[in-house]
Participant: 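Sharing a structure here in structure tokens format.
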Amino acid sequence: MGGLHDSRDRLARACKGLIVVLLALSLASCSGGVLDPLGPVGADDAAILIDATVIMLAIIIPTILLAFWMMWRYRASNPKGEYLPYWSYSGRIEAVVWSIPILTIMFIGGVIWIGSYKLDPFKPLPSKNPPLEVQVVSLDWKWLFIYPEEGIATVNQLVIPAGTPVHFSITSASVFNVFFVPRLGSMIYAMPGMVSQLSLQADRPAVMFGQSSHFSGDGFSDMQFQVQSVPDAEFTAWVRTAKGGGRPLDRAAYAQLARQSQNVKPYTYASVDPQLFHAVATQQIPPAPGPEPENPSHAGREVSTGGHD
Amino acid sequence: MSDMGLPASVEAIRRVREDPHRLGYRAHGAGEDVEGTGHGTSGPATKRIIVGYGFWIFLLSDIVMFSCFFAAFAVQRGATAGGPSIAQIVDVRRVAFETAALLLSSYTCMLSFAATNKRNLLWTQVFLFVTGLLGLIFVLLELQEFIELAGKGITPQRSGMLTSFFGLVGLHGLHVTLGGVWLATMMAQIQIKGFRREIVHRLICFNLFWHALDIVWIGIFTIVYLMGSGA
Amino acid sequence: MFGKLDWSAIPISQPIPLITSLVVILVVLGVLGLVTAKGWWPYLWREWITTVDHKRIGIMYCLLGVVMLIRGFADAIMMRTQQALAVGGAQGYLPPEHYNQIFSAHGTIMIFFGAMPLVIGFMNFLVPLQLGVRDVAFPTFNSVSFWLTASGALLVNVSLFLGEFARTGWLPYPPLSEAAYSPGVGVDYYLWAVQISGVGTLVTGINFVTTVLKVRCPGMSYLRMPMFTWTAFASSLIIVAVFPILTATLAMLTLDRYVGWHFFTNTAGGNPMMFMNLIWAWGHPEVYILVLPAFGIFSEIFSTFSGKPLFGYRSMVAATLFICIVSMMVWLHHFFTMGAGPAVNTFFGIASSVIAVGTGVKIYNWIFTMYGGRVRLAVPMLWSMGFIFTFIIGGLTGVLLAVPPADFLVHNSMFLVAHFHNVIVGGVVFALFAGLEFWFPKAFGFRLHEGWGKAAFWLAFFGFWVTFAPLYIVGLMGMTRRLQHVIVPAWAPWLYISAVGVAILALGVISQVVQLVVSIRDREKLRDVTGDPWDGRSLEWATPSPPPFFNYAVLPNVAGEEPYWGIKLRAVETQQLAPEPQYEPIEMPVNSPVGFYTAFFASVFGFAMIWYIWWLAILALVAAYAGFAWFAWRDVHEFEVPVEEVAQADRARRAAREAALARLSEQGALP
């Protein structure tokens, strides 16, 4: 008896421990992701996500409870449940059963309509500060950020001033990617031959990550980039440092950059060809090349540049 | 000549209305069920209706496939990539001949089926042969068009517009060619086996197929060639 | 001479595919050797390979689906463990070149060669029985459909040891899938495997639409058909409407890759966005092809195990057709983030939410089916309650994803992965296991062991949630899908939990297999003597288990909904079966090798095209056509089943039923 008590005790304690750990983990996981927004776009997106969830939970939790209650009450071993072997229609219940989803969806439809217009990625953000322009080119397998007004560029590193809206013009030099900074909000496709637009803003200084949210090949997992929002003064200082940095991003350097490479560490270019983004977006510069393996590939199996067979 | 002294056309209408094998014979749900139509509660349909119905469903699915290629053409119509535009490649005169050949082949196909209904082997084969010949003329004219274009360097590899043009027109031409192969097989079968029940069913299917190709061609020459030449 | 193919296509330098290939080849050779040693080939050829019997074709589909489900699950185990191991700076044990093939193969196999064959297998087995007829509209084409699907599955598996598989994901988006960025044979394996099996599926769709509309027993009007048949019909309508889109789109990509055309390329006027639209115009209805019959299975189970008719039958029919139609109007929700603009996004977002209306109605109707019932918590009912819980939550996340601004945060993330597994596993897979329990006795004549069935359910249920709940969380933390290694350390604990969940699921799979083995071993104890082990309500339960190859000695004449229930009631009230009918000889279609033959040459053709062996491709095409023409030349299409055989089978059935009736009247009559 004592042994059984002990093991039950231990099981109860283990369960409690597990619940505590899971709760702690869940709370910890609320930060750093899309539910921990740093700016107005992310905040609006997250608010809609949470509101829609709550609305639907209000319907769904009672439905699940009803289902299990119904099953339990009318289980064959329960004499209390009245057996109505031919009851299979009720107009009133049908009316309710069709209305609940219809009303819920009408509400969600309203959220969709208003939300889609308000959070259209192409819409500029209202602000008293003029927006910072950043041009984004997705390559295999890194991100190129061009600051046209500052005349610098970076690879896999995005530095933006806090409190200022940033207007992104996004294209791809090769395959589809998706530009996404989870803590800043909405993502949008990066497509070759086209320019997508996105306006985001970080309200306060922070370090976060961005990534590609559309699988693009062997080096895809390394397409994360560091995003820093910094105070204005620090941003100006950073630009100045980058300008003194050295490497120019001319057509030749770009051609080198466009070739496939994986796991690229961040660095900056001190100057940028002002027509470069336009040339890439309109495909005056042809799309980046595909795999260029050093060794001849084995029959039928492709090898990415810098990768293995 | 007609029964009961009624005009032939009225007779024909009456016979069509009362033919239990005509699909859509009864308004849905109305009236009593005629055995063998598969309608309502009358039990399974006859083999002839099942085969014809199933083939219609197949044709609808084939039209969906064509509509994807139409959609691609609509999307890529202007994607000329610095190459020739649609107006510069369509040859309406040749298309007129192609259309005439194909439409005429549909007519002869129908004539061959009328002969089949009368179980007349000779005229069935004659009209099937003419149908095949006209279909062959169509395909040869189309091949001539493609070869001429290719000779000028106008190939599907040149631009998105040309890809979708060759894709749509080529898909239709491929269907006509495969239909021709089917036609030849049918002619051989009829000659050797005669008008057996399942062979007549297959002829029904072939007729439906050939007429459907005609309908698709009308879509193609309108949307691609006529509208293209006007652009 | 052999195109691109040479000895280096064998993955000598890559241990995992090499060992897997060796194991698979050994198993296959072992099975073939066993069959040869036991002399089973004539039997297999006569009774299974050339069969046109819908029941046997259905069983073969299900067998193919189960085997491929296990293969896809093996891929899943590798994916979850790789992500759990490759956190921080670690690279795990699967380099990107392999990992990318594994997740692509996982999705492709699960959808095309796991779920689809299983669902189609159920449709095959049940629909003619439920309609009270002897076979589908085109039995020989049915065989062709199955073998073409098997051909596709074969090609995917050949990629294990010759060449490689696609590395693009289960839908090969351009420009990545174009020749410029994927020059290997991987995408070609995918294209030909899916294209060939897609033709088979389209023919199935045509077959079942025609069967439901034109081949029903006397008295069976539309509104007397059982719910599973309605959903199978709706699913077949969708197949006919959208599989041609898949055929066209894959053909376009094939032309781009093989002859340098520009449908979807990066340059010269190609339009990759067009691929997204076309493929999802197929892809979204595809999941409804899977889920509608799943709903049908649950309708049958809820009513049977509550001992009541389904609540709101006509509503259910309306909801089914509503879902069928609206499912073809929502495809853009798979790429809200492609930037179509608020007007377009709003339309598709609202349309996607509207589907929830049809689904919600179904769920409430199932709940009210239980009201006033006597709910028996047998294994199929456990799966059904598990489905209610799991699928509703999956539906919630789906409507959430249908809201564009919310989707802008979680598109293509692990949240999305958790959502679609939630609805596919919770909806389709649970339904398949429930249906397996439910109809296995009908197909094989003995029930499945209940204890192992319950174990399999609980392990699957908990395994599912432990695997996928953490993925919701990690998706909200920003993790995108298809990552070969994970850089953010905060995601690690959830990935570990998920890997544990996969282990629980694996135990569930093992339990399912053990259940099968134990049931076969104990089949005499579990024998289904009457043909109606669950007190069923639709016509398939009127037949013996397993049914004779001609299904019904005399086609039933149906008078109302739930026709078999009416027959049973009358038998109990009058204490006797209906009088013995007038037996007549029956015409049944003859078996035919054309399906196997066509698929054999389709496989050769596909393989030849993949490796650029043009002479072989042409030869295979010609041979396939020759086979078809040869088949068309046959003189004998049907054979006659003599009256004595019909009478004998039916009298045995009646004897079993009379014995059951006597037992029932001793125990007290049914309501």
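Atom set for the values below is all heavy atoms of this structure, side chains included, hydrogens, waters and symmetry mates excluded. Each chain gets a letter, A, B and so on, in the order its sequence line appears, and its residues count up from 1.
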Participant: Any donor-acceptor pair under 3.5 Å linking the side-chain atoms of Tyr181(C) with those of Ser174(A)?
Facilitator: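 Short answer, no.
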Participant: Return the minimal non-hydrogen interatomic distance between Ile188(A) and Gly339(C), and the atom names on each side.
Facilitator: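 Scanning both residues, the minimum pair turns out to be CD1-CA, 4.4 Å.
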Participant: Would you check if Ile112(A) and Pro404(C) make a side-chain contact, meaning some heavy-atom pair closer than 4.5 Å?
Facilitator: yes
Participant: Where does Met191(A) contact chain C at under 4.5 Å (heavy atoms): side chain, backbone, both or neither?
Facilitator: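 Met191(A) touches chain C through side-chain heavy atoms alone.
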Participant: Can you name the closest pair of heavy atoms from Tyr83(A) and Lys308(C) and give their distance?
Facilitator: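 Taking Tyr83(A) first and Lys308(C) second, the nearest heavy atoms are CE1-CG, 4.3 Å.
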Participant: Can you see which heavy atom on Ser212(A) is nearest to which on Thr480(C), and at what distance?
Facilitator: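 Smallest heavy-atom distance, with atoms named: O-CG2, 3.7 Å.
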Participant: Counting only heavy atoms closer than 4.5 Å, note whether Ile100(A) contacts chain C via side chain, backbone, both or neither.
Facilitator: side chain
Participant: Are the aromatic ring centres of Phe335(C) and Tyr189(A) under 6.0 angstrom apart?
Facilitator: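 No.
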Participant: Is chain C contacted by the side chain of Ser216(A), its backbone, both, or neither, given a heavy-atom distance below 4.5 Å?
Facilitator: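 Backbone only.
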Participant: So how far is it from Leu49(A) CG to Phe415(C) CZ, rounded to the nearest 0.5 Å?
Facilitator: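 These two atoms lie 6.0 Å from each other.
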Participant: Centre-to-centre under 6.0 Å for Phe215(A) and Tyr173(C), is that the case here?
Facilitator: no
Participant: Quick check on the 6.0 Å ring-centre criterion: do Trp87(A) and Phe311(C) meet it?
Facilitator: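 For Trp87(A) and Phe311(C), the ring centres are under 6.0 Å apart.
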Participant: In the structure I gave you, are the side-chain heavy atoms of Met70(A) and Val375(C) within less than 4.5 Å of one another anywhere?
Facilitator: no
Participant: What is the distance from atom CZ of Phe180(A) to atom NE2 of His411(C), rounded to the nearest 0.5 Å?
Facilitator: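 Answer for the CZ-NE2 pair, Phe180(A) versus His411(C), is 10.0 Å.
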Participant: Is Pro286(A) close to chain C through its backbone or its side chain, or both, or neither, when contacts mean heavy atoms under 4.5 Å?
Facilitator: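 Neither part, no heavy atoms under 4.5 Å.
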Participant: Looking at Gln91(C), Arg482(C), Gln484(C), which hits side-chain contact (heavy atoms from CB on, under 4.5 Å) with Ser221(A)?
Facilitator: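 Testing Ser221(A) for a side-chain contact (heavy atoms from CB on, under 4.5 Å) against Gln91(C), Arg482(C), Gln484(C) leaves exactly one candidate, Gln484(C).
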